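Before any comments, here is the structure.
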Amino acid sequence: MTQYKSTLLRLLEERGYIHQLTDAEGLDKLASEGVVPGYIGFDPTAPSLHVGSMVQIMLLRRLQQAGHKPIVLMGGGTGKIGDPSFKDDARKLMTVDTIASNVASIRTVFERFLTFGDGPTDAVMVDNADWLDKLEYIPFLREVGQHFSVNRMLSFDSVKQRLDREQSLSFLEFNYMILQAYDFRELSERLGCRLQMGGSDQWGNIVNGIELTRRMDGKEVFGVTTPLLTTADGAKMGKTMNGAVWLNEDALPAYDFWQYWRNADDRDVGRFLRLFTDLPLDEIARLEALEGSEINAAKVVLANEVTKLVRGEDAARAAESTAAATFAGGGLGDDLPTLDVEGGEISIIDALIGLGFAGSRGEAKRLVAGGGARVDGVAVTNDSHAITLNGNEIRVSSGKKKHGVLRSR
RNA sequence: GGACAGGUGGCCGAGUGGUUAAAGGCAGCAGACUGUAAAUCUGCCCGCGCAAGCGUACGCUAGUUCGAAUCUAGCCCUGUCCA
């Protein structure tokens with residue numbers, strides 16, 4: 001199992017992407033013989049994907065790096081249903097318009113990770129609404145439905161958990177796994193797709209797709225899942241401070257994105273470097289071996305590399321220099337949130353709200369009362385404090401990490 | 001259609017007439033310690049207000065009561081079992 005012949009599996013193995021494989025030997029053989037088209041599905045539940053989806057995106061990138069063809073499947077059709085997997089409650093149904101606009105917005109991110117085009121190993125993007133929307137119920141039941149055993153479906157974790165917890169699972173959601181399986185089969189027909197990848201929670205769906213493809217067409221296809229990514233302290237990746245860590249620029253400023261990686265847990269640095277950057281493994285080994293506070297250097301590299309990939313070179317450089325100026329120098333950087341102040345004076349409360357460090361006046365006051373608010377590095381404990389700018393830029397901070405700039409206008 | 005159980009703050013979960021803006025936990029924010037790390041300890045954690053206070057809030061609606069998350073009725077939703 002350890003020694004793969006194919007570049008693909010070796011690459012995935014050594015960088016930590018593999019959790020489960022459906023047929024390691026078969027896939028290894030296939031991948032060493034020629035181009036393997038492989039896909040991963042993404043649900044358009046929001047206008048942007050977040051860091052939690054990044055393993056999958058990187059997986060497609062690795063696929064292309066290893067000389068194969070990545071297929072990005074947008075779940076424009078399945079998104080109308082919602083994955084029941086492990087959710088506590090039924091997802092609210094999204095309107096068709098929302099889905100369409102989410103699909104369009106998510107699309108842009110992939111261009112940074114993959115090379116699209118018409119060549120044999122160029123990436124393509126497809127939307128399962130293209131075929132799912134047109135399905136006719138009776139023909140679909142006859143062709144596809146006959147291959148599914150309800151007994152079996154009930155035994156899948158995604159469904160079982162919902163039932164065990166005595167939570168409702170609508171028939172609509174129950175169908176999700178069938179449609180997902182159908183996607184694989186459809187992609188195998190349309191694009192000769194041989195491989196589906198996904199998070200470990202997708203295992204059941206992937207296996208279903210493989211079986212359906214075999215039963216309907218007698219074709220052999222494969223599946224790979226990635227480990228469920230959590231941070232070292234056990235939290236799901238991609239949810240922090242002010243919510244999710246979005247990939248799209250308009251959903252999260254590059255500086256905040258950079259900071260997310262800069263603040264990674266020590267124990268995660270090596271793993272993240274392998275998964276989310278293209279740095280060579282020996283370089284990563286050197287970085288993750290750094291001890292104590294030296295590891296901070298590795299975190300900067302991590303932040304730079306990931307930001308470069310997701311947001312571009314310029315964004316990464318700007319974020320780094322802002323961070324350096326703000327933290328090391330105690331100064332200001334261009335990327336910090338900025339508030340234009342009229343009239344040369346503003347109350348500390350309004351400044352904190354204006355910079356987005358507090359969501360309400362009460363919250364701002366509590367922050368001040370708790371000693372977390374600083375003006376030019378000096379703690380302010382009086383919530384009626386007024387800041388006078390005198391034409392200068394003033395630095396306002398919430399805690400030690402969140403900094404912003406007041407500028408007079 | 002019937003019987004039973006249930007719907008509480010971002011989540012989990014106590015609370016069964018006033019002392020309940022609602023125990024506890026998780027998540028989050030801040031402070032101390034540090035390395036913009038982890039762990040630990042401390043404070044905060046519906047909104048407005050300097051405050052007294054006011055406004056909202058316990059599925060929805062209408063009641064009973066001086067007073068309801070707590071009682072009554074109807075409705076909606078969920079689960080389990082029965083038809």
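Since the model is a prediction, treat every value here as computed from it, not as a measurement. Residue numbering restarts at 1 for every chain, and letters A, B, ... go by the order of the sequence lines.
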Problem set entry | Pairwise P distance, B/rG24 and B/rG2 [rounded to whole Å] | 42 Å
Exercise. When the P atoms of B/rA51 and B/rC58 are considered, how many whole Å apart are they?
Worked result: 26 Å
Problem set entry | Whole-angstrom distance between B/rG35 and B/rC12, as gauged at atom C1' | 35 Å
Exercise. Is there a Watson-Crick or G-U wobble partner for B/rC81 with both distances under 3.5 Å, and if so, which one is it?
Worked result: B/rG2
For this session: Just call it for A/Ala373: base, sugar-phosphate, or nothing, with non-hydrogen atoms closer than 4.0 Å on any strand.
Result: nothing
Exercise. Want to settle it: does A/Arg262 or A/Gly359 sit nearer the 5' end of RNA chain B, counting the closest nucleotide to each?
Worked result: A/Arg262
Seminar exercise, completed: Pairing partner of B/rG9, by Watson-Crick or G-U wobble and under 3.5 Å for both distances, is none
Exercise. Would you call A/Arg274-A/Glu14 a salt bridge at under 4.0 Å N-O?
Worked result: no
Give me, pair by pair, the N or O atoms of the protein and of nucleotides 41-47 of chain B that are less than 3.5 Å apart, along with how far apart they are.
residue	atom	partner	partner atom	Å
B/rG47	OP1	A/Ser360	OG	3.1
B/rG47	OP2	A/Arg366	NH2	2.6

Exercise. What residue among A/Arg61, A/Met58, A/Arg15 forms side-chain contact (heavy atoms from CB on, under 4.5 Å) with A/Phe276?
Worked result: A/Met58
Exercise. Hey, what do you get for CG (A/Leu247) to CG (A/Leu49), rounding to the nearest 0.5 Å?
Worked result: 6.0 Å
Problem set entry | Selection from B/rC29, B/rG35, B/rA38 that lies nearest to any side-chain heavy atom of A/Lys299 | B/rG35
Problem set entry | Phosphate contact (B/rA32 OP1 or OP2) by A/Lys400 side-chain N/O below 4.0 Å | yes
Exercise. With a non-hydrogen cut-off below 4.0 angstrom, is A/Asp265 in contact with a base, only sugar-phosphate, or nothing?
Worked result: sugar-phosphate
For this session: Could you let me know what B/rA14 is paired to, Watson-Crick or G-U wobble, both distances under 3.5 Å, or none if it's on its own?
Result: none
For this session: State plainly whether the residues A/Glu186 and A/Arg190 are in salt-bridge range, i.e. N to O under 4.0 Å.
Result: yes
